[in-house]
Protein chains: 4
Amino acid sequence: MVAVTVWNEYRHEREDSDAAAVYPNGIHETIAEALAADHDVRTATLDEPDHGLTADVLETTDVLLWWGHEAHDEVADGVAERVRDQVLEGMGFVPLHSAHYSKPFTRLMGTSCRLQYREDGETERLWVVDPGHPIADGLAESITLPETEMYGEPFDVPEPDRLVFVSWFAGGEVFRSGCCYRRGNGRIFYFRPGHETYPIYENEGVQRVLRNAVAWAAPTEGSPRTFGERE
Amino acid sequence: MVAVTVWNEYRHEREDSDAAAVYPNGIHETIAEALAADHDVRTATLDEPDHGLTADVLETTDVLLWWGHEAHDEVADGVAERVRDQVLEGMGFVPLHSAHYSKPFTRLMGTSCRLQYREDGETERLWVVDPGHPIADGLAESITLPETEMYGEPFDVPEPDRLVFVSWFAGGEVFRSGCCYRRGNGRIFYFRPGHETYPIYENEGVQRVLRNAVAWAAPTEGSPRTFGERE
Amino acid sequence: MVAVTVWNEYRHEREDSDAAAVYPNGIHETIAEALAADHDVRTATLDEPDHGLTADVLETTDVLLWWGHEAHDEVADGVAERVRDQVLEGMGFVPLHSAHYSKPFTRLMGTSCRLQYREDGETERLWVVDPGHPIADGLAESITLPETEMYGEPFDVPEPDRLVFVSWFAGGEVFRSGCCYRRGNGRIFYFRPGHETYPIYENEGVQRVLRNAVAWAAPTEGSPRTFGERE
Amino acid sequence: MVAVTVWNEYRHEREDSDAAAVYPNGIHETIAEALAADHDVRTATLDEPDHGLTADVLETTDVLLWWGHEAHDEVADGVAERVRDQVLEGMGFVPLHSAHYSKPFTRLMGTSCRLQYREDGETERLWVVDPGHPIADGLAESITLPETEMYGEPFDVPEPDRLVFVSWFAGGEVFRSGCCYRRGNGRIFYFRPGHETYPIYENEGVQRVLRNAVAWAAPTEGSPRTFGERE
């Protein structure tokens, strides 16, 4: 059992009726339910003290999922650094959708993480381009999402260590939708789907990806990370 | 000036009227013309002695482009090995379209290089996903090909060292269309477009990619590759 | 439990008294014992029919370890291809020491796999350069082997997907000693240590690496690898 | 001709007699001289206004070399961000030796960039592990530095896109000494040698590496990096 914390900004669902209709208890609760069968799951949100991410919570988290969008700037620098440091020590990190622009992800990547987007509810098809990757376990060759926000290339991230998904959009764009990275001892999986006004996290394929990603990103034992003066 | 050899199977254009209509002098001549302004270009074809690829030709070739489709098996193993060995010594290699299945490319990759395909003249859009790569120099954000054969994922190749293009197809598929590899001292660029019955190699964007790829794949000086017993 | 087959050329140990003194039952038996606590282990050797690697054996093998040196050429091409095909379908493959030059490994890599060597029993120190990798689980920061054959750079392999170990040799050389690759659905780990006249496979750190490598290379479920004409 | 700016902290050489003896005019001047034959070179130092790195200087710099050690913290955050942003837009960046810990490099990498070290003037041998890389052009198989500070693994950086050099140290350690990265459109080459109290930058091999690195890191034309809302 992997100790999972699902972090959510949790603003859209309280402020916007379209988002509330899709995720009445917040995106984090829907994701937490999707993971609960396999993993040990907690949630945390922006407006809790320390955004719900105290040192203690992070130290007892194996994998942190992160959903944020309109309030990236309200995340305290100190909390973002704490998340980054914990990833380097081995905590898995799964930023979702608009979290491409979150503080922890952009600091771990070192690049702008900018992209193109268009919000008009078009169809997306996520193709598995790496069928041997454990994050693709049990999937069909592609996942179809009838309505979603489009993200398009270029996506200003470092070349992924492994690229697992590439998205096709009805409007004519493509996107590298499932990107694996290692930073320090931590495993990072950026996964694109998840707009707040479409029921993306109810999709069975998407839920399977999230469960697989948590299993893949969980810390392993490793060997010593000793730094500094020697002998 | 880079010394280029454009190799073509040159069967479809002599046997099939659709191909002959598009490429009356063979695909190799169209490509050679597209490169001639920048580079020093020769051609070679399957039905010449040694397929036109004697040791002398290969040793004086900086970059070899390769188009083949229906007669991969007729390429002599010895010639395929000679090409592979020359690539390891530094010769650039640019397999095009159905050359994903050619002997030199599959031997250099080590994998099956299989893929999915559908021949129905649909629209393709090649997106630049690595705008900083020299093979993308001077391009727009994408290249549109109104009619082409579809290639779809999974594409059974090793994860590319750099992925430059991803294709979108009107029918709903995606494909990693521009893949960079280094093997030994040689640079390899697989480029997807180029079916024999569509005038793909007349496209200005495609021609720019070919010129860029030749410049990128040209050998550099390097340092010693010394192997065997030491001291 | 992972189904392991340990393949050994098994000639040195029958022909050379130095090797026989170190590995009286063959290298394969020493390795098999080291793995038996964690995994379900069989062995196979060159001089058995089909080299002990029938289609049935390979299809029921999760991870194949391979030790060969003086008789690479005696491995039948058909068996080498069968191994390669099985790796692409997902079987893990762990070539050891002089197996850098074996038929299955060179065919999977596509390069010459040449290197420099010197046989004079000098000290090697294997440094973990990727302490977060599961193959490094439970190791110290380095493994010291008091006497071994030296392998030096350049090593003509594709850039590894992940580099786990780098060796230091007392004589002044370095070597990329632990190299991870994925080819098709199969995971490959090349591991350098293992000369036939030094008791390398008795070393506790080396045995831990082998057990870790088997666990890491075991096949996962994956998603469909469907190729060919579509729709 | 590439427009180069050599940035140096320039404190040790003014404060410490050992450093002053080796680099009387500062490390930056020695490096600038080594590059001047091939490139168009300026210098900048920490104690100039804006550390000598105004927006105008950076916008007219093709490749920035960076040497810093004891005063990383005195580099203004705004200047570090300006450097990072310029790299993403295409400026080459070559951090040297203790610049592994500089603000621009750590922000571009996203990791801690920590390592092990020992200062006792031992011999280093830098091995070319990628003889086909242009940064290795014209080198011998290795470069020997008779006296230097040791840096040892683990080195907490992202897996390099290409690893060009691995160092061997007489004391028993190894280090990934020449690491290539792309971030945004910018090329980054971390190069280990260069302690302030040894005449490392007088070494002919080291000077050749610096000239090669500048040529390799220079910006290319590229294609549009367009981000934001689409259509």
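A, B, ... follow the sequence lines: proteins, then strands. Residue 1 opens every chain.
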* **Part of R114(B) lying under 4.5 Å from any heavy atom of chain C** =>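 It is both, since atoms from each part get that close.
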
* For E149(B), is it the side chain, the backbone, both, or neither that has a heavy atom closer than 4.5 Å to a heavy atom of chain C? ->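 Neither part, no heavy atoms under 4.5 Å.
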
* Could you check which of D85(C), L108(C), T106(C), L115(C) has the highest count of heavy-atom pairs closer than 4.5 Å to chain B? =>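 Among D85(C), L108(C), T106(C), L115(C), the one with the most close pairs to chain B is L115(C).
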
* Taking the side chain from H195(C) and the backbone from E147(C), do they hold a donor-acceptor pair closer than 3.5 Å? ->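 Between the backbone of E147(C) and the side chain of H195(C) there is no qualifying donor-acceptor contact (under 3.5 Å).
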
Portion of [X] that has a non-hydrogen atom of chain B nearer than 4.5 angstrom:
{"X": "R183(C)", "result": "both"}
{"X": "E173(C)", "result": "side chain"}
{"X": "L88(C)", "result": "side chain"}

* Asked: Do the rings of H97(B) and W67(B) sit parallel, tilted or perpendicular, given the 30° and 60° boundaries?
  ->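 H97(B) vs W67(B) ring planes: parallel.
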
* Indicate yes or no: does R187(B) engage D161(B) in a salt bridge with an N to O separation below 4.0 Å. =>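 Here R187(B) does not pair with D161(B) in a salt bridge, since their nearest N and O are not under 4.0 Å apart.
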
* Residues E231(C), R118(B): salt bridge by 4.0 Å N-O rule ->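 Counted as a salt bridge, because a side-chain N and a carboxylate O are separated by less than 4.0 Å.
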
* To do: Would you please indicate yes or no on a ring centroid separation below 6.0 angstrom for Y117(C) and Y101(C)?
  =>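 No, the ring centres sit 6.0 Å or more apart.
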
